[in-house]
Colleague: 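Got a structure for you, questions after.
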Amino acid sequence: MKLDYNNMMSEKLGSQGIAQSELDALKPRIETAVAAMAQKHADGGMDWRNLPFEQADVVKDIVAYVDEMKSDIEAFVVLGIGGSALGPLAVQQALNHPYYNELPREKVGGYPKLYVVDNVDPERLVYLFDILDLKKTLFNVISKSGSTSETMSQFMIIEEMLKKQLGDDYKKHIVCTTDKSTGNLIAIANKAGYKTFIIPSGVGGRFSELSPVGLLPAAFCGIDIAGLLEGAAEMDNLCRNGKDYTKNPAYMYAILHYIAMKRGKNISVMMPYADSLKFISDWYAQLWAESLGKKYDINGKIVNVGQTPVKALGATDQHSQVQLYTEGPFDKIIVLMGVDEYKETITIPKVYTDMPSLGFLGGVTHNKLIQTEQVATEYALTVAGKMNMTLTLPKVTPQTLGYLLHFFEIATAFAGELLEINAFDQPGVEEGKNATYALFGRPGYEDKKKELDEAPKKDQKYII
């Protein structure tokens, strides 16, 4: 993977760009952040970084389980939310046929269809049942705590349906991905005898794609999960170079975004020029937003930091968003993401040669067209003085995707150190969860229920 940040620098953008002197002045903070990363890793505070190196047995177990089960099932359904859903979707879209579920089974190596149910809109689940044969469906319940209301409510509904329709055979249609020893789901799984895969204790949801959270769904779709880990390991080894940040792509990505944030660039646009990478933007949005959007710093000071991630797709969103990015406010950094080689090639026929505005396309491949449009967008942003950088993969493979995912994880963690915030908690999310629990009368949330009951009521004059 190449990280090209020419268009972040003053040599390209003038006063809108970053001068080398700014990077030099930041060295003390960078050195502090590098040391903090190393200390956290040594103390077990970043166990997700061990995932590429410590899961040989997990991979064997997953592959064996897939081999055992795949011939008996037609659909593999993920019940999860946040990283438990966004990661599996991103990897599936990146590495498999974009119409994977529509292909005949023999065309996908005999693997089942994949469905990811990540919301509690009642229509979503009810309509899914219209297309599933429960006798040929395996449900993967993913929740580390086993108290995630959305996921566990889905599980409760489905478990009862399976019991009623399948009798004693229902147990083989549920597989749980959860904590080894604590929480509701592991207790339920142990009692029922469900097959279980473990999320390591120090691995949070948005950093869990390279754990069984993401590896199990990927394997059920025929993806080389050992290759994913191999690529991630390569990135991790590269990023152990903390002394020279200019040789560390993840650290450099974080440093550039940190400086941009300090300059008021509070929006981070992720714009891949490959449909295969479209859902990487969704996964990245959670990783970046939930990790870096914090009210307090590590010293308890109110800082209200963070950067709003926005997803775009080239060339589609050249026709919907790029007008804003080129001529709108100077409040964004745009990350263009491309590939050197697409999995397929298609050529535009040499027709309509009498129409100059169409004829020039004759004989050009769509590969060349989309890559040229990416270069053109990069140019338009740069001449407009807008900060942008480019990430380029040689080709989307399990190895390069694992490399990319781990790159973003390390960059996010390092950005948290630069901002002096805790990148691994989510108190703002917990507040909403706690309010939901209180409104439903969950035991232990009586004080929160009282707080909600005593909150000022809405003024009807502001409701039309």
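Note that the structure is a prediction, hence the values are computed from the model and not measured.
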Colleague: Determine, step by step, whether T397 and T400 satisfy the side-chain hydrogen bond (donor to acceptor under 3.5 Å, both in side chains) criterion, reporting the C-alpha distance in whole Å, the side-chain angles of both residues, the deciding distance to 0.1 Å, and the verdict.
Modeller: CA-CA 5 Å; T397 67; T400 61; 3.2 Å; yes
Colleague: Can you give me the closest heavy-atom contact between N7 and L13, atom names plus distance?
Modeller: O-CD1, 3.0 Å
Colleague: Strictly distance-based, threshold 3.5 Å: is any side-chain N or O of Q286 a donor or acceptor partner for the main-chain N or O of G83?
Modeller: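 Yes, Q286 side chain to G83 backbone: donor-acceptor pair under 3.5 Å.
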Colleague: Evaluate N140 against T177 for side-chain hydrogen bond (donor to acceptor under 3.5 Å, both in side chains), listing each step before the verdict.
Modeller: CA-CA 7 Å; N140 180 205; T177 307; 3.0 Å; yes
Colleague: Could you tell me if the side chain of F407 sits less than 4.5 Å from the side chain of L238, heavy atoms only?
Modeller: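 No, every pair of side-chain atoms sits at 4.5 Å or beyond.
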Colleague: Minimum heavy-atom separation for G202 and D47, please, with both atom names.
Modeller: CA-OD2, 3.6 Å
Colleague: Who pairs with R263 by side chain to side chain donor-acceptor pair (under 3.5 Å), at least two apart in sequence or on another chain?
Modeller: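 For R263, the residues satisfying side chain to side chain donor-acceptor pair (under 3.5 Å) (neighbours in sequence not counted) are E22.
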Colleague: Show the numbers, then the answer: is there a side-chain hydrogen bond (donor to acceptor under 3.5 Å, both in side chains) between S21 and D24?
Modeller: CA-CA 5 Å; S21 59; D24 294 340; over 6 Å; no
Colleague: If you define the side chain from C-beta out and look only at heavy atoms, does anything of V34 sit under 4.5 Å from I30?
Modeller: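 A side-chain contact exists here, since the closest heavy-atom pair is under 4.5 Å.
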Colleague: What I'd like to find out is whether the side chain of I131 reaches to under 4.5 Å of the side chain of Y115, using heavy atoms alone.
Modeller: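 I131 reaches Y115 side chain to side chain.
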Colleague: Assess whether atom NZ of K12 is packed by more than 12 heavy atoms of other residues, nucleotides or ligands within 6.0 Å.
Modeller: no
Colleague: Do the numbers put K386 on top of the ring of F330, so that NZ or CZ is under 6.0 Å from the six-membered ring centre and no more than 45° off the axis?
Modeller: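 That pair qualifies as a cation-pi contact.
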Colleague: Which heavy atom of K136 sits nearest a heavy atom of H173, and at what distance?
Modeller: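 Looking at all heavy atoms of both residues, the closest pair is N-CE1, 4.2 Å.
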Colleague: Describe, in one word, how the ring planes of F76 and F220 are oriented to each other, choosing from parallel (under 30°), tilted (30 to 60°) and perpendicular (over 60°).
Modeller: parallel
Colleague: Ignoring hydrogens and geometry, is there a side-chain-to-backbone donor-acceptor pair from Q55 to L210 under 3.5 Å?
Modeller: yes
Colleague: Tell me whether K294 forms a cation-pi arrangement with Y296, defined as NZ or CZ under 6.0 Å from the six-membered ring centre and within 45 degrees of its axis.
Modeller: no
Colleague: Looking at Y379, I'd like to know if its OH atom is crowded, meaning that more than 12 non-hydrogen atoms belonging to other residues, nucleotides or ligands lie closer than 6.0 Å.
Modeller: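 12 or below, so no.
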Colleague: Could you check whether atom CD of E344 has more than 12 heavy atoms from other residues, nucleotides or ligands sitting under 6.0 Å from it?
Modeller: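 No.
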Colleague: With heavy-atom distances below 4.5 Å as the criterion, would you say the side chains of I142 and T151 are in contact?
Modeller: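 I142 vs T151: side chains apart.
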Colleague: Looking at every heavy atom in both L3 and Y253, which two are closest together, and how far apart are they?
Modeller: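 Closest heavy-atom pair between L3 and Y253: CD2-N, 4.1 Å.
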Colleague: Output yes when a side-chain donor or acceptor of K144 lies under 3.5 Å from a complementary backbone atom of V203, and no otherwise.
Modeller: yes
Colleague: Could you check whether any side-chain heavy atom of L23 comes within less than 4.5 Å of a side-chain heavy atom of M252, counting everything from C-beta outward?
Modeller: yes
Colleague: May I ask you to test the D340-K395 pair for a side-chain heavy-atom distance under 4.5 Å?
Modeller: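 D340 does not reach K395 side chain to side chain.
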Colleague: Start with the C-alpha gap between E420 and R29, add the side-chain angles, then the distance that decides, and say whether salt bridge (charged side-chain N to carboxylate O under 4.0 Å, His left out) holds.
Modeller: CA-CA 10 Å; E420 297 184 317; R29 183 176 284 263; 3.6 Å; yes
Colleague: Does atom NZ of K278 have more than 12 heavy-atom neighbours, drawn from other residues, nucleotides or ligands, at distances under 6.0 Å?
Modeller: no
Colleague: Please report the shortest heavy-atom distance between H257 and Q307, naming the atom on each side.
Modeller: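 Minimum heavy-atom contact is CD2-OE1, 3.2 Å.
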Colleague: What's the shortest heavy-atom distance between A33 and L418, and which atoms?
Modeller: CB-CD2, 3.9 Å
Colleague: Pair Q39, D43 - check side-chain hydrogen bond (donor to acceptor under 3.5 Å, both in side chains), show working.
Modeller: CA-CA 6 Å; Q39 190 63 52; D43 293 343; 3.0 Å; yes
Colleague: Please work out which of the three classes, parallel, tilted or perpendicular, describes the rings of Y251 and F414, given edges at 30° and 60°.
Modeller: parallel
Colleague: Any ion pair linking R124 and D118 (charged N to carboxylate O, less than 4.0 Å)?
Modeller: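 Yes.
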Colleague: Does any part of the side chain of L401, heavy atoms only, come nearer than 4.5 Å to the side chain of V91, both counted from C-beta?
Modeller: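 Side chain of V91 against side chain of L401, heavy atoms only: contact under 4.5 Å found.
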Colleague: Please identify each residue that fulfils side-chain contact (heavy atoms from CB on, under 4.5 Å) with D224, with sequence neighbours left out.
Modeller: A226, P398, Q399
Colleague: What verdict does the side chain to side chain contact (heavy atoms under 4.5 Å, CB included) test give for Y245 and L26, after you've listed the backbone C-alpha separation in whole Å, the side-chain angles of each residue and the deciding distance to 0.1 Å?
Modeller: CA-CA 11 Å; Y245 63 84; L26 199 61; over 6 Å; no
Colleague: From H41 NE2 over to R49 CZ, what is the distance, rounded to the nearest 0.5 angstrom?
Modeller: 5.5 Å
Colleague: Compare all side-chain heavy atoms of V310 with those of Q321 and state whether any distance is below 4.5 angstrom.
Modeller: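 Yes. Closest side-chain heavy atoms under 4.5 Å.
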Colleague: State whether the number of non-hydrogen atoms from other residues, nucleotides or ligands found under 6.0 Å of K343 atom NZ is greater than 12.
Modeller: yes
